[in-house]
Protein chains: 2
Amino acid sequence: MEEYVPVLRRTKLFSGVGDEDISAMLSCLGARLKRYKKGEYVLRQGEHLSDILVLAEGSLHIRRDDYWGNRSILGYVGVGEIFGEAYIAPESGALLNDVVAVEDSSVFFFDVRRVMTTCSSACRFHTTVVQNLFFAVSDKNRGLVQKLDYMSRRTTREKLIAYLSEEAKRQNSADIVIPFNRQQLADYLSVDRSAMSNELGRMRDEGLIEFNKNRFRLN
Amino acid sequence: MEEYVPVLRRTKLFSGVGDEDISAMLSCLGARLKRYKKGEYVLRQGEHLSDILVLAEGSLHIRRDDYWGNRSILGYVGVGEIFGEAYIAPESGALLNDVVAVEDSSVFFFDVRRVMTTCSSACRFHTTVVQNLFFAVSDKNRGLVQKLDYMSRRTTREKLIAYLSEEAKRQNSADIVIPFNRQQLADYLSVDRSAMSNELGRMRDEGLIEFNKNRFRLN
DNA sequence: ACAAAACGGTTGTAAATACAACGGAAGGAA
DNA sequence: TTCCTTCCGTTGTATTTACAACCGTTTTGT
């Protein structure tokens, strides 16, 4: 686990905490590290969760399949990001989504109660971490509101523009790389792949955007 | 403000805190109370916020109008609920939505920094409140994921079923009352009102549901 | 009580989307 | 290389949705 301290240092959760303190906190917080192969499930819909998770390596999709086989992707988790935070309240029920490894990944599990309960002894930065977690959850919340904004758009084109321009803002560039292929992007925006492909083509014809694979440029 | 202590006592934020302690904490937390007439804006898109808000009386809609006049309703806030929690992180930007009073309402404003920073003196239950806030935000998060689930459905009928059955689960009854009229429900689910009205009629014809005004029964 | 506004169901038409199927291109594995 | 799979753009058709307009009913304000 120690090998990932440099990764953890750059996460929102451990922001402001030094390497040696992170090392110390790993045991204090009851950290466990699990590895997943591409395609494996990290979490499954219906399970119960009492941990906060941090992605140390790889990438994940948060998604949901209904029983007609319709898949929707709710979110993407990149290295250093927190997930599972919607289930930390004691009365929160079963998981609403699956979490799946898009590539080989490593995930830290932190026991919620040990994170929330400040330990008297070693960890000088425990309160910092709790506060960081708080802000991270709040920010996650903001991200969900953002996604609701894409989803509330009526047409495929509007969804694409809303998503791409938000990504451009987030990545601070008109050239962006998205973490989805076409099918995944369609599942993320809840539209039909072929219709979306059409719309992307039309938008390119009109000079609104350029793209190649999962790399887009907004004009 | 004291008059609302019985209301606050029943909120998630002050769960487990006695009346006299709530009274004491109001000043400690820098509480302010504002009143709004029906239709007034509590918050506006683009503003910055450094408070956590609790609805003491009335009801609110969280909504967004784009500049084509398309309105979407992101959520409903009932008495005792927390809102504005997506903007507590120091680096969180401008508000993404408007918050509007659906009826005459009263709102508590709590300064985030004073809530987050445990004061040494009077408030014995400060840490309880912080933990409550944490769980509330986490739960809010879960609610947003739930809403993303409605929104990801492709057809109006699926959205209606997803929403109504979730409400039935939440209200623990097959008879439910929803906080929206038809236009508002359409804006909440991001569908056309007339198309939705049609679909509701068809669902009634098929015996799936019964309804009258904003009261629904699922069969 | 009255007028005005809001509400909700209905209809018809245009537009957008979903669905299925196809095929070329790209990428991996043997 | 060759085979197989995945990816993604394209097409055509059926379905669904959006939009606008209308009207009787209900609600609201005075």
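Quick note on labels: first sequence line is chain A, next is B, and so on, each numbered from 1. FYI, side chains are in, hydrogens and waters are out, and symmetry mates aren't considered; it's all heavy atoms of this structure. What you see is a predicted model; the values in this text were computed from it and never measured.
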Spacing of [X] atom [atom1] relative to [N] atom [atom2], expressed in whole Å:
{"X": "B/Asn214", "N": "D/dT27", "atom1": "CG", "atom2": "P", "answer": "11 Å"}
{"X": "A/Lys213", "N": "D/dC8", "atom1": "NZ", "atom2": "P", "answer": "8 Å"}
{"X": "A/Leu200", "N": "D/dC7", "atom1": "CG", "atom2": "P", "answer": "16 Å"}
{"X": "A/Ile178", "N": "D/dC7", "atom1": "CD1", "atom2": "C1'", "answer": "13 Å"}
{"X": "B/Asp192", "N": "C/dT10", "atom1": "CG", "atom2": "C1'", "answer": "13 Å"}
{"X": "B/Arg157", "N": "C/dA18", "atom1": "CZ", "atom2": "P", "answer": "17 Å"}
{"X": "B/Arg202", "N": "C/dT11", "atom1": "CZ", "atom2": "C1'", "answer": "12 Å"}
{"X": "A/Gln183", "N": "C/dA20", "atom1": "CD", "atom2": "P", "answer": "13 Å"}

Over 12 non-hydrogen atoms of neighbours within 6.0 angstrom of CZ in B/Arg32: yes
Closest-nucleotide ordering on DNA chain C, the 5'-leading residue of B/Arg182 and B/Asn198: B/Arg182
5' priority, DNA chain C, between B/Gln184 and B/Arg154 [closest heavy atom]: B/Gln184
Polar pair under 3.5 Å, donor/acceptor by atom type, side chain B/Ser194, base D/dC19: yes
Presence of donor-acceptor pair under 3.5 Å, side chain of B/Arg204 and base of C/dG9: no
Sugar-phosphate only, base, or nothing, as touched by A/Thr156 at under 4.0 Å among non-hydrogen atoms: sugar-phosphate
Touch class at under 4.0 angstrom, heavy-atom based, for B/Ser197 against every strand present: base
Pair A/Ser173, A/Asp175: side-chain N/O donor-acceptor within cut-off below 3.5 Å: no
Geometric cation-pi criterion, A/Lys159 with A/Tyr188: 6.0 Å, 45°: no
Stacked cation flag B/Lys12 on B/Phe135, 6.0 angstrom / 45 deg: no
Below 4.0 Å: OP1/OP2 of D/dC8 and any side-chain N or O of A/Arg193: no
Parallel, tilted or perpendicular, as decided by the 30° and 60° cut-offs, for the rings of B/His61 and B/Tyr76: perpendicular
Toward the 5' end of DNA chain D, by each residue's nearest nucleotide, B/Ser190 or A/Gly201: A/Gly201
